[in-house]
Structure formats: C-alpha cells, structure tokens
Amino acid sequence: MKVDSAGSPQVVKPACPEYPMQEKSPAKDGTAGRLSFVLILFFAINLMWHGLQAREDTAKMAVPPNLIINVDHRSTVSLNGKWQVIIDPYENGYYDYRYMPSKNGYFKNTKPRNKTELIEYDFDKSDSLNVPGDWNSQQDRLFFYEGTIWYKKSFDYQIKPNTRVFVYFGAANYHSIVYLNGQKLGEHVGGFTPFNFEITRLVREKDNFLIVKVDNKRLREGIPTVNTDWWNYGGLTRRVELIEVPETFIREYFIQLKSRQATACLPSQGGSLKTVAGWIQLDGKQTSQTITVEIPKADVKQTFKTNADGYVEFEFDAELQLWSPENPRLYDVIIESQTDSLSDSIGFRSIETEGSKILLNGKPIFLRGVCIHEQAPKSKARAYSKEHAETLLGWAKEMNCNFVRLAHYPHNEYMPRTADRLGMLVWSEIPVYWTIIWENESTLKNALSQLTEMITRDKNRASVILWSMANETPVGNARNEFLRALVERAKSLDPTRLITAAMEKSYEGGNKPVINDPFGRYVDVLGCNEYIGWYEGLPDRCDLYTWKTIYNKPVIISEFGGGALGGYHADKDTRWSEEYQEYLYEKQMKMLEKIPFLAGTSPWILTDFMSPRRPLPQIQDYWNRKGLISDKGEKKKAFYVMQRFYEKLKSFDPAQDRQAEQ
Ligand code: GCU
C-alpha cells in the first residue's frame with residue numbers, strides 16, 4: 001500500500017474542512033461575550049494546533065503492519081479445534097509478584113525437567129476450549145468472566161521450500177499477546193478485526209507451541225469503552241490459520257469501480273460505471289514485477305509493472321454486469337505476478353448520493369434494512385461461521401431486506417462475503433460507541449487502527465456500501481475532532497464508499513425531531529437512532545412527530561424498535577408482549593414513511609442478543625429482547641409488520657418514486 005511522507009496509507013488525499021467556529025463554542029452576550037470569545041478563540045487555535053499535531057503523530061502510528069487479505073483463496077493450514085487453556089485472572093502467567101512482566105511466563109510452556117523442579121502450570125493437563133469460539137458460552141463458570149485466559153495449540157508443520165508462513169487470527173477479544181515456541185510475535189488490540197504475524201523463521205517441523213494471552217478486560221480508554229449493550233465475549237472468537245505464501249506474494253489489493261462522486265472531504269475521482277480502478281501491493285524482496293489482472297468472464301486481461309516498493313496503481317475500462325441485490329453478479333478476478341497468483345470473487349457496483357437519495361449504479365434505491373449483532377442464531381454464543389452468516393442473512397432476506405447494518409463492530413468475514421453472494425447491502429461499523437475518551441491519543445490511535453483493519457479486510461466486497469464511524473456519541477469539540485480524523489482516514493483508504501455514523505436527534509420545539517448533529521457535515525449519509533414509543537413515550541407518540549434535517553443528505557433511521565419476550569402475548573399496551581412490539585412497529589412505519597428525506601431504515605434488531613445490561617428476570621435474563629426473532633429462532637409478530645412493509649416497498653421504491661416526481 002502506498003504511504004505518504006507521514007506514513008499514512010495514501011490512495012487519495014481527503015481534506016475535511018474545520019468545523020465552523022459557531023459550532024465550537026458560541027459567544028452569547030455583549031463585551032463579556034466578545035472577551036470570552038477572544039479567549040475561546042485563543043484556546044481553540046491552541047487546541048487545534050495541538051489537536052492537529054496529535055492527529056498527525058497518531059495517524060503516523062496507526063497503520064497496522066502487513067495485514068494479509070483474502071485468506072479464503074490462499075493455501076492455509078487450520079489451527080481451529082481444541083486448544084488447551086489456563087484461566088489466569090491475576091495474570092500470574094505474565095507478571096511476577098512485583099507486577100513486572102516475567103521472563104518465564106506461561107508463554108514458555110515450561111515442563112519440569114526432573115522431580116525437584118517447581119513448575120506451577122501445565123497446559124497439557126489443563127482444560128480446553130473450542131476455537132473459534134467465545135469462552136463465555138462454552139463453560140458456565142466463564143459466563144461472566146472478564147480477564148486473561150492463556151490458549152495453547154501444539155502442532156507439527158511440514159516446512160515447504162521458498163515459502164513464507166504467517167499465523168492469522170480472524171479476531172480475538174480484546175488484547176492479545178502472541179508467542180511461538182516461547183518467542184513473542186506481537187500484540188493486537190481490538191476484538192473484531194484480523195491480524196497476522198510472520199513465523200517463517202520460528203516455525204519448526206516438530207512440537208511447535210503457539211500460545212496466546214487473550215485479555216477481554218474492559219478499559220475506560222478502550223474501543224469500545226467500559227459500557228456496551230452487548231456481551232463482552234472473550235477469547236479466540238474467530239478462526240486461526242497458518243497462511244503459506246511465496247517469498248514475494250500478493251499481500252493486498254483494491255479492485256473496484258472508480259467512484260464518480262464528490263463526497264464529504266473528497267473531490268470527485270472522475271470515475272464511471274465502466275472504469276475499474278485500484279492498486280496491488282506485493283510483499284517480499286522481488287518487488288519489481290509484471291502483474292496481470294484478469295477477469296475472464298468480462299474478457300479483461302491487463303498487464304502492469306510494480307514499482308520498487310512492490311506497488312502499482314491501475315485503471316481500465318471494462319464491460320461489466322453491475323452487482324446489485326436483484327443481480328448479485330460476482331466475477332472471478334485473477335491477479336497473477338511472476339511469483340504468486342491469487343483469485344477472488346468480486347462484484348462491481350457504484351454507490352453515490354444525490355441530495356437526499358442514495359444511488360446504486362446510478363439509480364435511487366431505498367435501503368430496506370435491519371440491524372444485526374454477531375449473535376449466533378438460537379445460541380448464547382458469538383457468531384463466527386459461514387453457516388451462522390447464512391442463517392442470519394437468510395432471515396433478513398425472508399424479511400424482504402436488501403440491506404443490513406452490522407452493529408456495532410466489524411463482523412466476521414463470512415458476513416460480507418455471504419452478503420456479496422446473497423445480494424445484501426452492508427453497513428459496517430467500528431465500535432466507537434457511546435462515551436469514548438475523545439481526548440486520549442491512544443484511544444484515537446486504536447480507533448484509527450480498527451478502522452484501517454476493517455477497510456483493509458473488506459474493501460473488495462461489493463455488498464459493503466457504508467463505513468460507519470460511530471454510534472450514539474455525544475456532540476462536543478473533542479468528539480467532533482475525533483470523528484473527523486476517522487473520516488479523513490476512511491476516505492484516504494477508500495474513496496469509493498459512503499461514510500456514515502449512527503447519530504441522535506435533537507428537538508426544535510415539542511414534537512419536531514431534527515437531525516442537526518455537527519458531525520453530519522462530514523458524512524455522506526446520516527444515520528439517526530430513535531426509540532419513540534419505547535424509551536420515549538408510548539407508540540401513539542409516533543403520530544405527533546414531523547421530522548426535520550438541516551442537511552441535504554440521505555437519512556437512514558438506523559435504529560428504532562422495542563422489546564418483546566417471544567411467545568408472550570397480551571394486549572397492545574402491555575410492555576414486553578409481542579402485541580406491544582407489533583403495534584409499536586405499525587406506528588413507527590406510519591411515522592417514518594412520511595419523512596421526505598428518508599433513504600433507508602434498519603430496525604433494532606433482527607434477533608434477541610446477549611447483554612449484561614438486561615437482567616430483568618423471566619423477561620430479559622441477560623437478553624436484549626428487541627429482536628424481531630427470539631433467541632429460539634421464532635419470529636415475533638413485529639417481524640411480519642416489517643416483512644409486509646418491505647414487501648410493499650419492493651413493488652414501489654419510494655426513492656425511485658421521488659425521482660419520478662422530480
Ligand atoms: C441503543 C444502542 C444499542 C442498544 C439499543 C437498546 O441505541 O445503539 O446498542 O442495544 O439502543 O437500547 O436496545
């Protein structure tokens with residue numbers, strides 16, 4: 001990947017203009033006002049200068065090293081299955097009694113050499129856990145466990161000539177330290193994005209031991225921070241693989257239609273529905289190579305040369321069937337270098353906005369969506385498999401959806417890949433959720449790193465149309481600046497997709513909800529969460545509301561809904577009954593379809609999901625019950641309200657209709 005002088009990945013140079021002063025700290029009254037205004041101005045400039053400095057330094061530090069993409073199409077050896085584990089709440093395997101990192105920690109996997117030697121742990125006599133999988137749902141004693149667990153996997157490995165080997169983790173929540181044969185490979189922070197380390201020089205034929213210290217302790221300065229409405233599942237939650245590649249291999253590439261549209265912070269790239277643009281990054285010594293990009297079914301075969309950094313950018317025209325929910329056409333794309341060859345199945349589509357409309361392949365589209373948490377269907381566990389993805393997205397299809405909001409963190413890779421195949425548009429988000437420590441530089445670095453990993457992994461997925469920067473974050477200078485830095489990063493990595501965030505409304509007078517979050521100026525699509533009829537009054541309140549926005553941009557109502565215990569029936573005024581939820585949805589639909597600038601909806605949420613914030617006995621029992629499908633996989637009455645509403649929209653798309661009116 002090409003990087004600029006500051007070391008940031010550089011595809012294009014976005015520039016998000018400053019927030020207008022009045023949105024910093026307005027001065028209200030006379031001379032005192034003027035004096036405080038000058039003082040504020042002085043501080044603001046100071047803050048800006050230091051903020052800019054901090055942002056530059058942070059941006060420089062936040063590039064995750066050498067993430068390998070498209071693991072599915074590479075030669076791999078799975079390390080999934082049973083791993084030995086040691087539950088270590090006091091991190092005794094890492095720190096000595098002086099709370100100093102110990103040289104002889106559990107990562108050494110030491111065995112007593114004779115009857116006198118004192119070793120107080122033994123992986124091979126310890127318990128085991130399944131990988132991939134969270135630990136909380138695997139053992140009752142780990143249900144609430146937050147802390148460190150050590151994982152060990154022993155394996156033999158047949159070393160191949162001219163081959164490099166990497167160990168790849170789909171994700172591990174939250175802070176992982178990885179060792180091979182007693183040597184530290186590296187660390188990773190963030191529970192929802194992949195990472196890999198090279199082990200070519202460390203791996204041996206016999207008795208390798210791979211040890212991972214996984215710690216899911218919640219941290220105030222973390223991303224997410226300490227308070228979330230989802231279960232803090234810990235462990236090696238996604239697949240672990242050995243990846244085998246040639247000495248110089250195709251590590252990363254970006255191949256999509258060139259975007260046409262000027263978006264927030266970025267001028268038009270001057271693309272078209274025929275122009276394919278992208279880049280390829282080799283990794284290894286043989287950097288200057290000839291590379292071909294072939295799309296056999298579109299009669300495309302293009303040849304390029306990489307530069308001394310093993311990097312090439314390209315552009316070419318092609319006659320392609322464009323990907324859409326109705327026609328999720330994927331093409332086999334083959335990238336061939338002199339030392340490596342890799343294929344991928346890629347769809348080509350354009351995604352843009354025009355005023356309050358979202359355009360897919362140049363045509364207005366209404367996003368008929370639903371939110372999804374990474375909750376395995378009918379299970380207390382976190383989802384991780386292709387089958388989980390097919391079930392969840394299959395249910396969304398059954399609800400007549402063409403769009404899913406994957407909340408509040410990047411889901412496993414099977415989700416966007418299955419969405420590519422099924423024809424489901426995707427909103428993908430990083431867990432900048434609620435009240436993050438905005439002023440903390442390492443928090444920004446962490447967010448930038450998770451954002452970069454999310455985009456790096458999924459930027460070739462046609463289904464993914466929206467990168468979401470945050471969910472329900474409080475308006476404020478530090479927050480605004482934090483989120484603006486994320487937009488710049490996202491745009492610099494991917495000029496082809498739309499930026500959004502789930503924001504909150506405010507009010508202009510009693511019943512006039514208005515969308516006017518200052519961060520709205522930097523997104524392409526406004527997401528707005530609302531719980532009218534659940535946290536805010538009763539369902540009938542929906543009738544009173546007329547919505548407004550200060551932006552000429554598309555709006556997605558990215559959350560709405562209420563709870564119901566599956567199978568509990570009563571009258572429509574009884575909370576937790578399916579009838580209450582059903583009535584709430586009917587009222588919501590009537591309110592929402594009146595919003596002229598509405599471009600999509602994604603009710604909260606497809607299925608019930610585990611949350612430590614939901615203890616209500618015999619109703620919640622640590623489940624958030626806002627699912628349209630219960631934890632047993634049963635559809636609730638409100639599911640059919642949405643199914644019917646989306647069926648109606650399928651036959652006449654309001655976005656198209658509004659287009660026709662013009
Ligand atoms: C919030 C939040 C969700 C949460 C939901 C709820 O808006 O974004 O993460 O689960 O509301 O209260 O159920």
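None of the values given here were measured: they were computed from a predicted structure. Just the heavy atoms: all of them, side chains too, but no hydrogens, waters or symmetry mates, feed the values below. Order of listing sets the numbers, starting from 1, for every ligand and every atom in it.
Checked by distance only, ligand 1 and Tyr433 come closer than 3.5 Å through their nitrogen or oxygen atoms.
The six-membered or imidazole ring of Tyr622 lies near that of Phe144, with a centre-to-centre distance under 6.0 Å. Aromatic ring centres of Trp623 and His373: separated by at least 6.0 Å.
Residue contacts with ligand 1, taken as heavy atom pairs separated by less than 4.0 Å, do not involve Thr228 at all. At a heavy-atom distance under 4.0 Å, only side-chain atoms of Trp604, from C-beta outward, approach ligand 1. When non-hydrogen atoms are compared, ligand 1 lies under 4.0 Å from the side chain of Asn624 (C-beta onward) but not from its backbone.
In this structure a side-chain-to-backbone donor-acceptor pair under 3.5 Å is missing from Ser463 to Val426.
Look at Tyr531 and you'll find a heavy atom under 4.0 Å from some atom of ligand 1.
Under 4.0 Å is where a charged nitrogen must lie from a carboxylate oxygen, and between Glu582 and Lys572 no such pair does.
Between Lys626, Arg613, Glu472, Arg625, it is Glu472 that holds the heavy atom closest to atom 7 (O) of ligand 1. Across His408, Glu530, Glu504, heavy-atom proximity to atom 3 (C) of ligand 1 is greatest for His408.
Closest to atom 4 (C) of ligand 1 among all protein heavy atoms lies Asp229 OD2, 3.2 Å. With respect to atom 2 (C) of ligand 1, the closest heavy atom belonging to the protein is Glu559 OE1, 3.4 Å.
Annotation for ligand 1: atoms under 4.0 Å from non-hydrogen atoms of Phe609 are 10 (O). In summary, the atoms of ligand 1 found under 4.0 Å from a heavy atom of Arg614, numbered by their order in the structure, are 6 (C), 12 (O), 13 (O). Near Tyr535, meaning under 4.0 Å from any of its heavy atoms, are these atoms of ligand 1: 6 (C), 12 (O), 13 (O).
Annotation: cation-pi geometry not satisfied between Lys636 and Tyr585 (NZ/CZ under 6.0 angstrom from ring centroid, within 45° of ring axis).
Among Tyr233, Trp231, Trp135, the one residue that satisfies the ring-ring contact (aromatic ring centres under 6.0 Å, His included) test with Phe143 is Trp231.
With hydrogens and angles left out, the side-chain atoms of Thr237 and Arg382 include no donor and acceptor closer than 3.5 Å. Counted by atom type alone, Asn446 and Gln450 present one or more donor-acceptor pairs between their side chains at under 3.5 Å.
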